[in-house]
Amino acid sequence: MALTVLPPYLELLNSEQRRAVLHTGKPLLILAGAGSGKTRVITTKIAWLIREQGVDPRSILAVTFTNKAAREMAERARLIDERAGDAMLRTFHSFGAWFLRRNGKAAGLDPGFVIYDDDDAVSLLSGIMEDSSKAEVKQVAHNISRAKDYFLSFDDAELALIDSRRKFRDIYALYEERLAHTGNVDFGDLIKKPVEILRKESEIARRFHDRFKVIMVDEYQDANVAQFEFLKELAGPETYICVVGDDDQSIYRFRGAEVKNILEFPDRFPGTEIIRLERNYRSTAPILRAASSVVDRNRGRLGKTLRAERGGGKLPVLAFLPDQDEETAFCAQLVGNAARTAERGKVWSDWAILYRTNAQSLGFETELLRRGIPYRVVGSLKFYEREEIKDALALLSFLVNPRDEVAFRRVVNKPARGVGSVTVDRIIEEGAEASDLAEAARALSPELSSRAKAGVESFLKVMEEGRALLEEDPFPNDAFDSGDGAGDEAAAPPAKVPAAVPAGKANRKRAKNREELVSGEGLSVCVVCLMRSSGIAAYHQTQDEVSGNQRLNNLQELANAASLYAPTRGGLLEFLEHIELDRSLEDQAETAEERSNAVTLITFHNTKGLEFRKVIMTGLEQGIFPREDKKNEELEEERRLFYVGATRAMDELYLTSCAVRRMFGRTLPVEPSLFLREIDKSSLRIIGETPYGFGAAGTGAAARRAHAPEQGKGVYGNTPRGNDAYNGGFDAHNDTGSWRRGDRLFHDDYGYGAVTEVRDSEDGPVVRVYFETGKELLFLGEQQGSRFTKIGKDD
DNA sequence: TAGTTTTAAGTTTTT
DNA sequence: CTTAAAACTA
């Protein structure tokens, strides 16, 4: 290797990672195993392109699948080079929305569209399928959504692969017509429509090819067909494309993800180079062994050999427990014990409790609350699914788009204004002819009963007044539709209030048990006014008094969230878009400390891209995980999900499996998960009563059962004081002492880093470490046993 | 039509 | 067991 001195941020990388970062020219496919540092590769690559290659940050597009990943990527890239903040880092869907706001006109789309979520789509569909049950409507809505994922329109022949019924095709066509008439889009459209536009409008395509010279995609294994097509259309002849993924971590088949995308990438992009990242820096060897032994059973995979760079480590613990109450107690105790014996801070955040379905979080929440252990639940914030929130959002949506029949139907008669379903149907029907629903109502008003007429009029008046509350947009002339849709982002309205006082937190505190809405800054003023004048606030307030709910407080919460946006139409649109595309309320609802000092409760799906020191995987039972109805391909996906969950763990992994589980109020006996059988017994430390027939030694298990201690509380009664009792003979050896330049490590406080210099002093060797946060620190090499974990070095 | 009671149904996973 | 949908009454 040449003797050139590398910039320190490249020192953090191993040779393959570095090769991936320095790669240019042909398309690049990075097959990155779990914990192999793929995010680091992407962020470093972005920074390197800007710094060393003189690439304009604005010509870089990096796409992820979750908002969290997008945020993290932006943050980490900025740490290396500030200018990376100007690159476009978004989720596929958010980028699609950005595209459509500027170029939707080419598909007859007004830039002021609102994004319909799945519920809204169902609501719209039920207007078409009038005499179908709710379940049928949902099924069709799901199929339409799948069709869009596969880039299939209602007139495509392949549509039969999704749903072959003739009726389906007709309904899909009707749905599209109806949706177009509302002027809104659904989730699938955010990807599908841009592709259609790029194919039809060569001028727009050319602009985008000019603008984006570099396109990177993270978690590529989760891309669906439509997203693949999007990528292909965005890439011009000069565009450098780099995708990163891991076929073993593909867990979104159910929403259209196609592993084929990653398998066939080299065929679709000729000349593709492939780089494999197979060194795992995150997990200890025993954890990786257990995780791999499950996913190894899958047939449809590229296959790779993921090597643990961290030696030593404890065996994963498999705990057989009587029921789910014992399971929650076990988890709480495990976490609590660790906290008691820990010397260092931030213990709670070391832990994550994983479950298959969101419903399972409830038990853990109750138990942790009871024991005073701080926790946070990731995802599944049903906040936006609450009735009052949906009502409020419907009001706001109708405000920006008076053709939104779904929103209209939801709130026109709430609170009761004497406008029944018959009247609503007639107005919407009339709306097919009119430019918007207000006009439709006016046209129809001579035929309405005086009560219905008065009700509709009062509703429309409220909306008129609401519209008047919004200030003029600073950029008139429809700022979204700047001439150069792919070009200057500065033309977009700077809708966010720049010096936004974090009014949210303070307001919420004040609003506790308050019986009136308080407005804060910016858009929240308008939101509060509208909630009041529409009667929604009063309506839910009354409901609160009856049933003791917190609905008014929830409305307050929503208003607070709005305070960060400008009180203009543009600001409102941005607010609504943000809510549709990123429902994790995390930013507003949690302070940094709350986040950093709490146990994480999370679904397996949501853990992708995350890591924790200690992970508990719960509910490992047949029927729960994997679900009973899973077989073949779907079972393989469940295996991958198991793999994803297990590889989140850095130091310790626990698996729990109950003998019985409560479902639908009934308590049923359950079998241990198939996946537990797929792990070699010697790779696990089993505690609790091994169920009959588990593993090869059936008779042994039976014998053990016969002599098992009295059933009841305390199967794990001899639980360790500290988790050290689970050590199982393995010591987490840190291999301190002989540090060498180029060694990589994980520091408890500073994260991942690399040794850039070693020298001797009176107190022994001193090492200089460069961290990926950009920090560079000196340490005394011999005293860092408990703070550092060596994670292998480059060869 | 509004609001209440009765009955049935249902749990994946998410942008 | 909890929630949503259908059925029923005022």
Side-chain angles (χ1 to χ4, degrees), chain A residues 63-70 90-97 115-119 121-122 126 131-138 142 145-146 148-149 185-192 219 222-224 226-227 230 250-257 324 354-363 378-382 384-387 413-424 449 451-452 455 539 542-543 546 577-584 602-608 619 623-630 634 637-638 640-642 644-645 661-668:
Chain A
V63 203
T64 62
F65 279 83
T66 65
N67 296 287
K68 204 191 294 158
R90 282 173 183 259
T91 65
F92 256 117
H93 287 90
S94 135
F95 181 69
I115 301 161
Y116 274 159
D117 67 13
D118 292 350
D119 276 348
V122 168
S126 55
D131 29 46
S132 301
S133 74
K134 183 94 186 235
E136 282 175 302
V137 176
K138 269 191 173 159
H142 179 259
S145 170
R146 271 315 63 73
K148 291 189 175 184
D149 286 344
V185 297
D186 61 19
F187 263 98
D189 285 342
L190 292 177
I191 309 297
K192 186 164 172 275
E219 308 282 11
D222 287 325
N224 61 37
Q227 286 161 338
F230 198 8
S250 171
I251 54 175
Y252 285 110
R253 213 180 105 91
F254 68 91
R255 68 169 204 220
Q324 63 203 42
L354 279 51
Y355 37 79
R356 181 64 229 273
T357 65
N358 279 305
Q360 287 166 262
S361 78
L362 216 79
V378 174
S380 120
L381 260 205
K382 298 214 190 90
Y384 292 106
E385 281 163 37
R386 289 168 185 276
E387 184 190 344
N413 199 31
K414 207 168 186 176
R417 292 185 177 92
V419 187
S421 60
V422 180
T423 313
V424 175
S449 73
R451 198 156 68 118
Y539 174 86
T542 325
Q543 301 272 304
V546 178
E577 178 172 317
H578 176 85
I579 285 172
E580 281 310 329
L581 296 180
D582 183 5
R583 302 203 145 181
S584 67
I602 191 168
T603 62
F604 282 98
H605 280 89
N606 262 321
T607 60
K608 195 151 55 124
I624 305 287
F625 190 24
R627 278 177 63 94
E628 211 68 76
D629 52 349
K630 298 287 179 185
E634 288 189 310
E637 174 137 324
E638 297 273 297
R640 294 192 287 266
L641 190 56
F642 181 98
V644 167
R661 186 160 288 269
R662 265 196 313 276
M663 288 160 106
F664 310 120
R666 290 253 161 270
T667 302
L668 300 168

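Everything quoted here is computed from the prediction, not taken from an experiment. Residue numbers start from 1 in every chain, and the chains themselves are labelled A, B, ... in the order their sequence lines are given, proteins ahead of strands.
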Whole-Å distance between [N] [atom2] and [X] [atom1]?
{"X": "A:D118", "N": "B:dT13", "atom1": "CG", "atom2": "C1'", "answer": "13 Å"}
{"X": "A:Q324", "N": "B:dT11", "atom1": "CD", "atom2": "P", "answer": "18 Å"}
{"X": "A:F604", "N": "B:dT13", "atom1": "CZ", "atom2": "P", "answer": "12 Å"}
{"X": "A:R253", "N": "B:dT15", "atom1": "CZ", "atom2": "P", "answer": "20 Å"}
{"X": "A:E219", "N": "B:dT14", "atom1": "CD", "atom2": "P", "answer": "14 Å"}
{"X": "A:E580", "N": "B:dT14", "atom1": "CD", "atom2": "C1'", "answer": "13 Å"}
{"X": "A:D119", "N": "B:dT14", "atom1": "CG", "atom2": "P", "answer": "15 Å"}
{"X": "A:E385", "N": "B:dT13", "atom1": "CD", "atom2": "P", "answer": "10 Å"}

Could you tell me whether a side-chain N or O of [X] sits under 3.5 Å from a main-chain N or O of [Y], the two making a donor and an acceptor?
{"X": "A:Y355", "Y": "A:I602", "result": "yes"}
{"X": "A:E637", "Y": "A:R253", "result": "yes"}
{"X": "A:N67", "Y": "A:L581", "result": "yes"}
{"X": "A:D186", "Y": "A:I115", "result": "no"}
{"X": "A:E580", "Y": "A:E577", "result": "no"}

Against the side chain of A:T423, the closest entry in B:dT1, B:dT14, B:dT13 is B:dT1
Side-chain atoms of A:A416 come closest, of B:dA2, B:dT15, B:dT12, to B:dA2
5'-most contact on DNA chain B (nearest-nucleotide basis), A:F187 vs A:Q360, goes to A:Q360
Walking DNA chain B from its 5' end, the first of A:V419 and A:L581 to be reached, judged by nearest nucleotide, is A:V419
Counting just side-chain N and O atoms, does [X] come under 4.0 Å of either OP1 or OP2 of [N]?
{"X": "A:N413", "N": "B:dT1", "value": "no"}
{"X": "A:T64", "N": "B:dT15", "value": "no"}
{"X": "A:T603", "N": "B:dT14", "value": "yes"}
{"X": "A:N358", "N": "B:dT14", "value": "yes"}

So do A:V424 and A:N413 actually touch side chain to side chain, heavy atoms under 4.5 Å?
no
#### Entry: Face-to-face stacking of A:F65 with B:dT15, centres under 5.5 angstrom, angle under 30°
no
*Using the rule for Phe, Tyr, His and the six-membered ring of Trp, do A:F254 and B:dT13 stack at under 5.5 Å and under 30°?*
yes
In the 5' to 3' direction, the nucleotides of DNA chain C bounding the stretch that comes under 4.0 Å of a heavy atom in chain A are C:dC1 to C:dA5
Stems of at least 3 consecutive Watson-Crick or G-U wobble pairs (donor-acceptor distances under 3.5 Å) involving DNA chain B, listed by first number, are B:1-10 with C:1-10
Item to check | Plane angle bin for A:F604 and A:F625 - parallel if under 30°, tilted between 30 and 60°, otherwise perpendicular | outcome: tilted
In this structure, CD1 of A:I191 is separated from NZ of A:K148 (nearest 0.5 Å) by 11.5 Å
Rounded to the nearest 0.5 angstrom, the CZ-CD distance for A:R661 and A:Q360 is 5.5 Å
Check: A:D117 near the nucleic acid: base, sugar-phosphate alone, or nothing, with a heavy-atom cut-off under 4.0 Å?
Finding: nothing
**Item:** Sugar-phosphate, base or nothing in reach of A:Y252, heavy atoms under 4.0 Å
**Value:** sugar-phosphate
Checklist line | Cationic N near anionic O, under 4.0 Å, A:E638 to A:R356 | finding: yes
Ring pair (Phe, Tyr, Trp, His ring centres under 6.0 Å) filter on A:H605, not counting sequence neighbours, yields A:Y252, A:F254
> Has the side chain of A:R255 got a donor or acceptor that lies under 3.5 Å from a partner of the other kind on the base of B:dT15?
Replying inline: no
